[in-house]
Structure formats: structure tokens, C-alpha cells
Number of protein chains: 2
Amino acid sequence: MTSIDDVARATGVSTATVSRALRGLANVSEPTRLRVQAKADELGYVASLTASGLATGRTLTMGVVVPSVSRWFYTTVLEGIDVVLRAANYDLMLYNLASRSGDRERVFHRSILRKRTDALIALCMEFTEPEREQLLSLGHPALVIGGPVKGMRHIGIDERGAGRTATEHLIELGHTAIAHLGGDDDEGMNRRVPLTRRLGYRDAMGSAGLPVRNEWMLSGRFSLAISRAVVTELLRRPGERPTAIVANSDEMAIGAILAAADCGISVPSQLSVVGVDNHDLAVSFGLTTIAQDPYEQGRLAASMLLDELGGAPARKSSVRAPSSLLVRTSTAPPVRR
Amino acid sequence: MTSIDDVARATGVSTATVSRALRGLANVSEPTRLRVQAKADELGYVASLTASGLATGRTLTMGVVVPSVSRWFYTTVLEGIDVVLRAANYDLMLYNLASRSGDRERVFHRSILRKRTDALIALCMEFTEPEREQLLSLGHPALVIGGPVKGMRHIGIDERGAGRTATEHLIELGHTAIAHLGGDDDEGMNRRVPLTRRLGYRDAMGSAGLPVRNEWMLSGRFSLAISRAVVTELLRRPGERPTAIVANSDEMAIGAILAAADCGISVPSQLSVVGVDNHDLAVSFGLTTIAQDPYEQGRLAASMLLDELGGAPARKSSVRAPSSLLVRTSTAPPVRR
DNA sequence: TTGAAAGCGATACCAT
DNA sequence: ATGGTATCGCTTTCAA
């Protein structure tokens with residue numbers, strides 16, 4: 001590999017000058033810069049990030065911790081982060097802290113804490129107290145997107161409000177028999193998000209004096225297929241059927257819509273469905289949902305951290321990302337009997 | 001940040017010994033090792049990867065170039081890669097070379113070529129000649145998953161065979177009016193994959209003496225929603241309707257199944273649908289498909305590169321990943337009229 | 001088994 | 001505007 005010395009030798013200037021010239025610093029004469037650049041190109045020289053990282057203390061890398069990479073929300077946030085990083089010439093180190101918790105400690109020590117990154121974004125992760133301390137002691141800017149984590153600032157929508165608004169929408173349409181499709185997430189992720197959304201559902205039901213039926217509290221585990229199965233089972237039960245379902249995510253809501261189709265139950269006339277997210281597929285299914293914009297959340301998070309790395313004062317407080325009810329065609333008043 | 005010197009000082013040994021002790025090298029007495037480790041833990045010392053990377057020339061990082069992170073195939077490969085890397089204490093640098101081609105050169109020079117990674121995996125990417133040369137001149141092991149790239153070894157299924165097998169399955173069932181749902185991929189990705197699969201479709205149609213109708217060659221752009229719309233349009237056209245559809249991916253195939261439902265056309269009795277992939281959702285839709293295992297492909301790729309980094313001889317040739325027809329309930333003989 | 005010291009490849013300060 | 005050189009934090013001979 002050609003090093004800076006090779007370029008310096010070939011050009012007949014010092015390595016200091018080569019370094020300055022290539023980085024576009026001010027105090028280099030134009031002719032020199034051109035000569036250096038020409039030689040560097042000719043030799044195919046590219047500065048080693050490892051070396052300059054050691055010298056400058058900056059890695060030009062941002063770490064992103066995700067619980068999984070197979071969910072729309074995460075990948076969309078990731079793309080938002082990515083686009084900002086690329087514009088700033090930053091790289092993205094992906095830490096996929098999947099469900100198996102055994103790896104977590106290793107990843108923490110061997111990777112995250114090894115000064116490989118200048119800043120860190122965590123998506124919907126839960127952290128143990130020691131983990132959090134270690135993160136903070138690293139001393140570089142960090143941020144959580146999705147679920148709030150005690151002691152760390154975060155970016156996220158009003159989860160409880162989302163659950164409440166979705167439910168209120170159905171209540172306003174006249175529904176009283178409203179099921180909830182929630183369900184815990186995988187291990188290691190932030191369980192608070194689904195719980196909080198469900199809390200919002202309970203809020204709305206309570207305020208309206210409507211009963212929350214235990215047998216109508218379903219778990220779709222954030223999966224379309226599982227939700228489809230679970231809701232199919234619900235719809236086929238003998239006895240009273242709910243006229244509406246509040247789902248904790250669009251993927252689950254779509255599962256519910258498909259389940260209805262499987263059972264010959266028409267949406268929205270016989271069953272209304274609301275989700276949360278505004279997933280890519282939501283429009284195709286006419287899904288009414290609490291829309292949020294994870295791409296924008298990712299962009300915001302990355303920008304904030306980059307600004308702070310650039311010397312801007314860190315904002316201590318969390319940021320509430322916007323979300324709003326988006327009515328499509330999966331919700332309607334219940335049929336009178 | 002505590003450095004190795006701090007630990008050395010605190011323990012009363014040399015940095016050399018600290019380094020050896022912490023890495024578990026042989027020539028350190030047990031008492032010393034314990035003392036060092038205790039001190040290191042106490043001080044919260046973690047070796048800087050930047051520094052050790054400079055010293056050893058290894059970054060313990062693998063670069064992964066993806067065209068997008070929002071498609072099942074890519075993320076599944078990614079997870080396969082990830083699990084192998086984690087087991088080997090390697091990190092994953094994600095290069096999301098999305099469609100906008102403007103960034104590519106920058107990413108190449110500022111990131112990929114900057115010796116930040118020990119090896120590189122590219123997913124379904126196309127490379128220009130100069131890009132390829134630069135990659136190879138980097139001198140570290142590289143591999144392509146998905147679409148073959150001239151001059152680089154790759155891991156992937158028999159794409160043409162997949163298209164052929166899918167089509168032959170329908171022909172064997174008695175279908176003759178078979179549409180194709182393909183469509184180019186986004187810019188910068190390997191366009192050869194969809195084209196090659198379609199070639200397989202043409203092969204099968206040709207061998208069976210069946211006509212390939214231009215108006216039945218659809219473009220679903222690898223998107224469920226777009227495929228759903230496009231197929232809906234097809235099914236609503238006046239005149240003869242195909243009795244079967246070969247889709248280039250399961251996501252598109254599912255779009256076709258939903259389109260059929262939208263049009264009141266039942267699958268498989270009035271319309272058979274085959275896909276490629278064995279997507280997570282395929283089973284939920286009873287989708288007949290050419291199954292492949294991207295997770296395993298990712299694992300294999302990562303293992304191969306890791307082995308080579310460990311000194312194993314590099315295998316020059318490409319690897320054909322397995323794929324096979326998986327018959328579910330979305331295909332059946334056509335209805336006689 | 002342990003330590004001293006020479007790199008690794010850049011950056012940045014201080015001279016010139 | 002340019003060059004010399006200490007420095008970043010760790011690894012790795014080579015000696016002891």
C-alpha cells in the first residue's frame with residue numbers, strides 16, 4: 001500500500017505538505033497542491049483512516065445499534081441516518097444486537113467501547129445500568145431513537161398519545177367493541193414502546209367508559225404473519241366479535257386486514273383497523289394509521305450528533321417527533337345490527 | 001480516556017506486558033495476568049482499535065456494500081453476515097450505496113478505499129471497471145453475493161435456472177398463458193439478476209413452444225405495492241387473461257396474489273402465482289416459490305472471507321448457492337373452459 | 001517471564 | 001509556504 005511517505009518522496013515535498021495539500025488546508029501554494037494531488041492520484045494513494053484517526057482522535061464513524069434489521073421502522077431510520085452521514089463523509093458502523101442476549105456484553109466491550117466511533121445512536125434498545133454507565137463514560141455524544149431510556153435523551157413520538165389517538169378515532173366513529181393487537185417485542189429491545197401504546201389504548205377506553213376485555217388483548221409480536229394468524233383465530237371465535245382493532249404497528253394491522261379477508265369479513269364495514277407507523281405498504285392497504293416519519297427521525301438524530309461533534313452545544317433534552325392520525329379507508333363507523 | 005500506559009503504571013509492569021496479558025498471549029505469568037486484568041477492569045480500560053489497527057494492520061472490520069437496506073433479501077443476507085462476524089469479534093461497516101449514483105465515487109474514495117476494513121462483501125452491486133480495479137488493488141479479500149460481477153467471484157443461486165424451473169412448474173401443471181412479472185431494479189444495483197431470471201422464463205416458454213406475449217411482460221420493480229397495482233391493471237384488461245404469473249421475487253408475487261384478491265380472482269384456481277426467494281411472508285400466503293437461503297449465503301460469504309484473513313488459501317471460483325422449487329398452494333392446474 | 005524501544009501512518013505544532 | 005519532529009496508543013521484535 002502506498003503511504004504518505006511515498007507521495008512525499010515522489011513529489012519532493014515533506015509529508016506535512018502532502019497532508020495539508022490533500023486535505024485542502026489553506027497554507028499550501030496552488031502549484032504544490034496540484035503536483036501533490038497529481039502524484040497521489042497517480043500512485044492511488046488514499047490516506048489511512050486508522051492512522052489519521054489515531055493522530056486526530058476522530059474516527060469519522062458513527063455507531064448505530066439496532067435490535068434487528070428486518071423491520072421497516074429500523075431500516076427506515078437507518079436510511080435516514082445514512083443519508084446524513086454520507087453527506088458529512090461519515091461512515092456507519094452497524095451493531096446488530098439481535099435477540100440473543102449472550103452476545104451483548106461481548107459486543108459492548110469488544111466493539112462499542114473500543115473507541116471506534118465518534119458518536120452513537122441506539123434504536124429502541126434497552127440498556128442495563130452498567131451498560132448505560134459505560135456508554136456515558138465513553139464520553140461521546142449518544143442518542144436513543146424510539147423508546148425512551150432512563151438517563152439518555154431520545155427522539156421519538158408520543159407513544160401513549162399514539163395509542164390514545166388511534167383508539168379515540170374508533171370511538172368517535174361509534175365503536176365500542178375494540179380489540180387491541182399488541183404484544184411484546186423480542187428480547188433486548190425496548191419493551192416500553194408497545195406497553196406505552198397499549199396504555200394509550202386503555203386511556204381512551206377508560207375515558208369513554210368502555211370495557212377492556214382481556215380476551216381481546218392480542219399479541220402479534222410485531223409480525224404480519226403472526227398477527228394474521230392471531231386475528232384469524234379471534235374472528236373465528238364464537239360469541240361477540242369486536243368491530244374494530246387497534247394495532248401497535250402497521251405490519252400487525254395489515255396482518256389483521258388480511259385475517260379479515262381470510263375470514264370473509266369486510267374491512268371497514270364489518271371490521272375497522274388502525275395501525276401505527278405509516279408503513280410503506282399502508283397506502284396500498286388503505287390503512288388508517290398514526291403516521292410517523294422514522295426516516296426524518298434518523299436524519300435528525302444524525303444531524304444532532306454531527307453538530308455536536310462539530311462543536312455545537314449538546315441539547316440535553318429529548319425531542320418529540322411528530323405523529324398524526326392519517327385516515328384512510330380501513331376505518332368506518334360500525335354496522336348497526 | 002484511560003490508555004495502556006495508565007494500566008501499565010497502575011500495575012507496575014510495562015505496556016508490553018499489559019498488552020500481552022490482556023490479549024491472553026502465552027508468555028505472561030498467571031499472577032501478572034490477573035493483576036493486570038484486575039487493574040484494567042478497575043480503570044475501565046479498553047484498547048483502542050484505532051491504535052492497535054495501526055500497529056497490526058488489521059481493522060477487525062468487514063465492509064458490506066448494499067444497494068438498499070429495505071429489501072428482505074439484503075437484510076437477510078446482512079443478518080447472516082452479522083452473526084458470523086460477531087462470533088469472530090469482527091465489526092460490520094455498512095455502506096448503503098443507494099440509488100443516487102452521485103455519492104458512489106465519494107463513498108468509494110473516502111470510505112471503502114481508506115483501509116478501514118479487512119475484507120469486503122458486496123450485495124447485488126454493479127461495479128464500473130475503475131471501481132473494480134480499485135477494489136482489487138486494495139488487495140484485501142472481496143466477494144459478491146447475488147449478481148455475478150465480471151472479474152469477481154460470487155455466491156449466488158442459478159438465477160436463470162430459477163426462472164426456468166418456476167416457469168416449467170406452471171407449464172407442467174398445464175398452463176400456457178403465463179405472464180411474467182419482472183422489472184428492472186433501482187439504479188446501481190445489479191440489473192443482471194432480474195434479466196437473467198427472465199431469460200430462464202423465456203427458455204422454458206421457448207422449449208415448450210409457448211408464446212411470450214409482450215403485453216404480459218410486467219414490471220413490478222421488486223415492490224409489493226407496485227406489483228399489486230400493475231397486476232391489477234393486467235387482470236382488468238379486456239380480452240384474454242393469463243392463467244399464471246411468474247414473478248421475479250416473492251414480494252412481487254405476493255403483490256400479484258393481493259391483486260387477484262382485489263379483482264375477485266381466486267388463487268390458485270383462476271390464477272397461479274410463483275415467486276422466487278421463500279420470503280418470510282411466503283408461507284403465510286401459501287406461495288409456491290423457488291426457495292433460496294440468503295441468510296446462509298451471508299454466513300458463507302463471511303466465513304469464507306474470515307478464513308482467508310486467517311490465512312486459508314482463497315478459493316478463486318464462485319459458489320453456487322442452492323435453490324429449489326417449493327410447492328405450496330398458490331399454484332394449480334388451470335381451469336378448463 | 002518481562003522490559004525497552006522501534007515502528008505503524010498519519011497529524012499538528014513549531015520553526016524557518 | 002514549507003519542513004522537521006513529536007505525538008497518537010498500541011504491537012512486536014530483541015534483549016535481558
Side-chain angles (χ1 to χ4, degrees), chain A residues 1-37 39-40 43-61 89 109-110 113-118 138-140, chain B residues 1-37 39-40 43-61 89 109-111 113-118 138-139:
Chain A
M1 283 282 78
T2 61
S3 74
I4 194 171
D5 293 294
D6 302 326
V7 181
R9 214 169 299 127
T11 325
V13 298
S14 70
T15 62
T17 301
V18 173
S19 177
R20 286 187 286 245
L22 258 27
R23 284 180 302 155
L25 297 195
N27 34 357
V28 178
S29 74
E30 207 45 34
T32 309
R33 155 164 300 123
L34 290 176
R35 266 184 25 233
V36 171
Q37 251 157 4
K39 267 300 172 212
L43 298 177
Y45 168 74
V46 188
S48 152
L49 229 264
T50 313
S52 74
L54 183 56
T56 61
R58 328 189 78 223
T59 60
L60 297 183
T61 301
N89 283 328
H109 281 84
R110 291 238 344 97
L113 299 176
R114 289 197 78 178
K115 304 157 194 165
R116 318 203 54 174
T117 55
D118 295 340
L138 247 184
H140 65 208
Chain B
M1 283 281 79
T2 61
S3 75
I4 195 170
D5 293 292
D6 302 326
V7 181
R9 214 168 299 127
T11 325
V13 299
S14 70
T15 63
T17 301
V18 173
S19 176
R20 285 187 286 243
L22 259 26
R23 283 180 302 153
L25 297 195
N27 34 357
V28 179
S29 76
E30 207 45 32
T32 310
R33 153 164 303 123
L34 291 176
R35 266 182 28 230
V36 170
Q37 251 156 4
K39 268 298 174 211
L43 299 176
Y45 168 73
V46 188
S48 151
L49 229 263
T50 314
S52 71
L54 181 55
T56 60
R58 328 189 79 221
T59 60
L60 297 183
T61 300
N89 283 328
H109 281 85
R110 291 238 343 98
S111 300
L113 299 177
R114 290 196 77 178
K115 304 157 196 166
R116 318 204 53 175
T117 56
D118 295 339
L138 246 184

Kindly calculate the angle separating the two end axes of the helix from C/dT1-D/dA16 to C/dT16-D/dA1, each obtained from five base pairs, and round it to 10 degrees. 30°
Test side chain to side chain contact (heavy atoms under 4.5 Å, CB included) on B/Lys115 and B/Thr59; report intermediate values, then the result. CA-CA 8 Å; B/Lys115 304 157 196 166; B/Thr59 60; 6.0 Å; no
At what distance, to the nearest 0.5 angstrom, does CG of A/Asn27 lie from OG1 of A/Thr32? 11.0 Å
B/Ser19 and B/Arg23: CA distance, side-chain angles, deciding distance, side-chain hydrogen bond (donor to acceptor under 3.5 Å, both in side chains) verdict: CA-CA 6 Å; B/Ser19 176; B/Arg23 283 180 302 153; 3.1 Å; yes
Start with the C-alpha distance between B/Arg33 and B/Leu22, add both sets of side-chain angles, then the distance that settles side chain to side chain contact (heavy atoms under 4.5 Å, CB included), and finish with yes or no. CA-CA 7 Å; B/Arg33 153 164 303 123; B/Leu22 259 26; over 6 Å; no
So the contacted stretch of DNA chain D, first to last nucleotide with an atom under 4.0 Å from a non-hydrogen atom of chain A, runs from D/dA1 to D/dG9
If a protein heavy atom is under 4.0 Å from the base, mark B; if only from the sugar-phosphate, S; if neither, -; do that for nucleotides 7-16 of chain C going 5' to 3'. BBBBSBB---
From CG (A/Asp118) to OG1 (A/Thr56), nearest 0.5 Å: 8.0 Å
How far does OG1 of B/Thr61 sit from CZ of A/Arg116, to the nearest 0.5 angstrom? 3.0 Å
A/Arg114 vs B/Ser52, test: side chain to side chain contact (heavy atoms under 4.5 Å, CB included). Steps then yes/no. CA-CA 10 Å; A/Arg114 289 197 78 178; B/Ser52 71; 4.0 Å; yes
5′-ward residue of the pair B/Leu49/A/Asn27 relative to DNA chain D: A/Asn27
If you apply the rule side chain to side chain contact (heavy atoms under 4.5 Å, CB included), what do you find for B/Val7 with B/Asp5, and how did you get there? CA-CA 5 Å; B/Val7 181; B/Asp5 293 292; over 6 Å; no
